[in-house]
Amino acid sequence: MEKISVAVRFRPSAAGDPPADRHWRVQDESISLVAPGSGVSFAFDHVFDPSYNNAMVYDLLIKSIIQAAVDGFNGTAFAYGQTSSGKTFTMSGSEEEPGIIPLAVEDVFRTTKMTTDREFLIRVSYMEIYNEEINDLLTLGNQKLPIHESLERGFFVAGLREEIVNSAEQVFELLKHGEANRHFGETNMNARSSRSHTIFRMVIESSKRNPMNLGDVSNTDAIRVSVLNLVDLAGSERIAKTGAGGVRLKEGKHINKSLMILGNVINKLSESGRQRGHIPYRDSKLTRILQPALGGNSKTSIICTVAPEEVHIEETRGTLQFASRAKRITNCAQVNEILTDAALLKRQKLEIEELRRKLQGSHSEILEQVILKQRNDMHKSELERERLAMELEEERKARETLELRIKEQQKKIENLSSLSISSYNTSISTQQKVNSTIMFDELSVSRSHVFRTPNFKAMADDFVVKRPSSFRTVDSNPILENFDNTADEDLWMQLNKGCITDLDTLQMTPNMKHQSFPSLEMSLEPSVDEEISSKRHHSLESDCGFNREQFEALREKCTIMERACSLLREEKTSLVETLSLSKQDNEHLRAQKEELLKELNTEKQKMKELKEEIRQFSLAFHQREGLLTSIYTKSKAMMENLNASKVSIPEVCDS
């Protein structure tokens with residue numbers, strides 16, 4: 001398992017533009033955005049400023065992949081970035097400064113010539129993906145090729161022309177021919193913009209030249225087949241900047257779509273295993289061809305090219321984010337070997353002989369050590385399984401306890417809510433009763449001392465009238481000595497202080513007893529009804545004050561209960577969060593338990609297979625031992641017969 005190697009390369013700034021370090025700061029192998037409070041920083045395997053040429057980039061990033069491809073590993077290198085950022089120059093280069101593809105071709109043939117113990121066969125092909133259609137650049141008219149998949153070859157393009165080459169010069173001629181068939185176009189940002197993705201592929205086959213060492217089990221009659229992909233991607237485009245229209249607009253849409261799917265695949269692969277989900281390799285032909293290079297059996301390097309100008313700062317940020325996510329992808333590269341049936345049988349025979357020699361030479365000590373190690377591993381697995389089972393049981397008990405606590409808290413909250421509501425309703429009803437009693441008594445007192453006309457209307461019950469203090473003063477209420485049922489004008493003029501009143505509209509209230517008033521010198525004493533009503537009024541006021549204090553106390557108690565209820569709700573929320581976390585931990589432990597059980601079953605299966613092999617070896621050993629014993633017995637008998645015949649021959653000669 002190894003990470004994908006990711007590097008970032010800054011192309012030189014255009015004439016008249018500010019230098020790159022005005023917007024981006026490069027320090028060691030990290031890049032940060034020069035902006036107040038931006039906080040944007042990225043770290044990569046390599047960061048190449050404009051002072052690095054193609055040869056330096058190749059030596060630091062790609063050379064190791066070429067050596068691995070000659071040794072049998074799959075390898076992939078591709079350039080990613082916006083349009084006009086220098087991808088094609090990095091991959092193809094120029095006559096004065098060759099790019100990665102020509103440098104890699106020369107290095108492949110140089111390395112194969114230095115490897116004298118193996119024979120090599122190299123095949124090359126060159127294709128482009130134009131508007132989501134695969135075209136063969138080595139054969140004009142060979143277009144719209146399909147992608148197939150097989151166990152032997154993996155992903156391959158059916159009908160693609162492959163040329164067997166023996167030198168770098170042949171490859172350069174094919175590359176020149178393919179570049180002539182490739183799609184290019186002119187935009188506002190680039191006079192020669194790549195309008196398609198190109199993939200240059202080298203298939204390297206090798207086998208042992210003279211396998212004389214029979215003990216070399218790993219390389220006997222094995223054919224290594226590796227695939228080297230060198231990819232030049234088209235750049236992402238913004239229509240507002242490129243000014244594309246018509247055919248160029250259609251090409252730009254297909255380019256952006258395939259690069260977006262490539263970004264989605266990178267995002268999925270950079271996530272953890274449980275969150276990864278489906279990886280959309282089949283959404284684009286580019287990602288389907290590059291599937292082994294992205295999270296599969298390949299050694300992969302990515303060169304992300306960026307433009308340092310301020311106008312491209314958003315595109316540069318997106319490219320750096322793509323590179324940062326790609327750096328988290330892990331591949332599993334291994335040597336690709338193909339064995340024929342005869343070679344496989346020969347390898348198995350050599351392995352059996354090797355194991356038999358070890359068995360006879362070390363008196364089964366090696367196998368005993370292997371068996372002991374397997375037993376220890378099984379014992380450790382059992383202990384780990386028991387520990388996980390105990391942890392799961394503890395988690396289950398803790399979860400049950402939390403659920404009980406949550407239920408109790410819910411009951412307390414419900415009881416407090418019902419108590420606060422009932423107390424509030426009781427206080428409201430008590431206050432309403434007190435107010436209604438006071439209003440009724442005052443109204444009854446006021447009604448007992450009024451005069452009314454024939455057209456008088458009764459007042460509403462909720463209207464309370466209080467007798468004014470001036471009612472008892474002599475100046476404002478003149479009382480005559482002789483007061484009977486008949487009133488003259490002088491009397492009404494005196495009572496009304498000069499105001500003229502229509503006497504015909506006034507009369508005494510029916511059923512009202514005549515009351516004679518004493519002289520003005522006498523003091524007016526309150527009646528008994530007034531004293532009773534005053535006492536009752538005072539008692540009602542005291543009761544009302546007491547009830548008001550009780551209501552305030554109940555209101556404070558209700559406020560305290562509401563606070564306690566909110567605290568209980570918060571505690572309930574925290575308990576629910578704790579329960580969810582414990583459930584997640586429980587699921588994690590259960591997954592670990594399942595993985596351990598799978599590993600344990602695998603180890604048990606290996607143990608069974610090892611025991612079966614030991615049994616077979618023991619049977620073969622006993623058979624061989626019996627055969628050797630019989631041969632030894634026969635040879636011993638033959639030697640005795642020969643000795644006896646040698647003794648008898650001289651005796652015959654003497655006689």
Side-chain angles (χ1 to χ4, degrees), residues 2-14 19-21 24-31 42-70 73 75-111 168 171-172 175 179 190 192 194 197-202 228-236 290 293 298-309 312 315-316 319-320 322-324 326-327 329 331:
E2 62 177 340
K3 296 283 188 180
I4 289 180
S5 180
V6 180
V8 174
R9 186 181 189 184
F10 282 89
R11 68 159 171 78
S13 300
D21 55 1
W24 299 97
R25 180 181 293 111
V26 179
Q27 185 176 4
D28 295 333
E29 305 302 337
S30 63
I31 302 174
F42 305 93
F44 305 104
D45 297 308
H46 300 283
V47 178
F48 304 117
D49 57 27
S51 63
Y52 284 80
N53 56 26
N54 288 338
M56 298 169 68
V57 173
Y58 174 81
D59 291 336
L60 292 174
L61 192 65
I62 310 298
K63 192 176 183 64
S64 59
I65 293 181
I66 302 304
Q67 182 62 48
V70 175
F73 292 92
T76 300
F78 65 87
Y80 176 91
Q82 73 171 94
T83 184
S84 75
S85 61
K87 298 181 300 301
T88 302
F89 178 78
T90 300
M91 296 303 296
S92 300
S94 61
E95 293 182 359
E96 296 79 11
E97 186 177 346
I100 288 175
I101 293 177
L103 292 175
V105 171
E106 292 178 351
D107 205 1
V108 166
F109 284 98
R110 187 185 306 112
T111 306
V171 179
F172 293 152
L175 284 172
E179 287 293 320
N190 196 349
R192 194 170 185 269
S194 301
H197 310 299
T198 61
I199 302 174
F200 176 71
R201 173 171 291 182
M202 299 182 71
L228 176 63
N229 293 314
L230 302 175
V231 185
D232 180 15
L233 298 177
S236 58
L290 296 180
S298 177
K299 291 180 178 291
T300 304
S301 291
I302 301 176
I303 305 172
C304 292
T305 58
V306 293
E309 290 83 8
H312 303 310
E315 289 84 352
T316 301
T319 302
L320 294 178
F322 173 88
S324 180
K327 195 176 182 300
I329 300 176
N331 285 356

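Note that the structure is a prediction, hence the values are computed from the model and not measured.
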Check your understanding: Taking side chain as C-beta onward, heavy atoms only, is Val8 less than 4.5 Å from Phe42?
Key -> no
Review point. Out of curiosity, Thr90 OG1 to Asn53 CG, how far, rounded to the nearest 0.5 Å?
Key: 11.0 Å
Check your understanding: Any donor-acceptor pair under 3.5 Å linking the side chain of Ser301 with the backbone of Ile62?
Key -> no
Sequence neighbours excluded and cut-off under 3.5 Å, please list the side-chain donor-acceptor pairs for residues 91-100, or say none.
residue : atom : partner : partner atom : Å
Ser94   : OG   : Glu97   : N            : 3.3
Glu97   : OE2  : Asn54   : N            : 2.7

Point to revise | Residues Phe89, Thr305; criterion side chain to side chain contact (heavy atoms under 4.5 Å, CB included); working and verdict | key: CA-CA 10 Å; Phe89 178 78; Thr305 58; over 6 Å; no
Check your understanding: Hey, is the main chain of Glu2 close enough, under 3.5 Å, to the side chain of Asn331 for a donor-acceptor pair?
Key -> no
Point to revise | Closest approach of His197 to Leu233 (non-hydrogen atoms, all atoms of both residues) | key: ND1-CA, 3.6 Å
Point to revise | Any donor-acceptor N/O pair, Ser324 side chain to Leu320 backbone, under 3.5 Å | key: no
**Study point:** Smallest separation among heavy atoms of Ile4 and Ala326, with atom names
**Key:** CB-O, 4.0 Å
Practice item. For Ser194 and Thr88, work out which heavy atoms get closest and say how close. Key: OG-OG1, 3.1 Å
Revision key, fill the gap. For Ile66 and Ala104, the nearest pair of non-hydrogen atoms, with its separation, is CD1-CB, 3.6 Å
Practice item. Hey, could you give me the CZ/CG distance between Phe78 and Leu230, rounded to the nearest 0.5 Å? Key: 12.0 Å
Check your understanding: Counting N and O atoms only, with roles assigned by atom type, does the side chain of Ser85 sit under 3.5 Å from a partner on the main chain of Ala307, one being a donor and the other an acceptor?
Key -> no
Exercise for review: Measure the shortest side-chain to side-chain distance between Thr111 and Gln67 over non-hydrogen atoms and say whether it is less than 4.5 angstrom.
Suggested key: yes
Check your understanding: Measuring from Lys299:NZ to Thr76:OG1, what's the distance to the nearest 0.5 Å?
Key -> 12.0 Å
**Study point:** Side-chain heavy atoms of Phe200 within contact of Val171, under 4.5 Å
**Key:** yes
**Study point:** Smallest separation among heavy atoms of Lys87 and Gln82, with atom names
**Key:** NZ-O, 2.9 Å
Practice item. Check Ser298 against Ala293 and note the closest heavy-atom contact, atom names and distance. Key: CB-CA, 3.8 Å
Practice item. Any chance you could measure His46, atom NE2, to Tyr52, atom OH, to the nearest 0.5 Å? Key: 9.5 Å
Study note, to complete from the structure: NZ (Lys63) and CG (Asp107) are apart, to the nearest 0.5 Å, by 3.5 Å
Review point. Taking Arg9 for the side chain and Ala79 for the main chain, is one N or O donor matched with an acceptor at less than 3.5 Å?
Key: no
Check your understanding: Can you tell me how far the OH atom of Tyr58 sits from the CD1 atom of Ile65, to the nearest 0.5 Å?
Key -> 9.5 Å
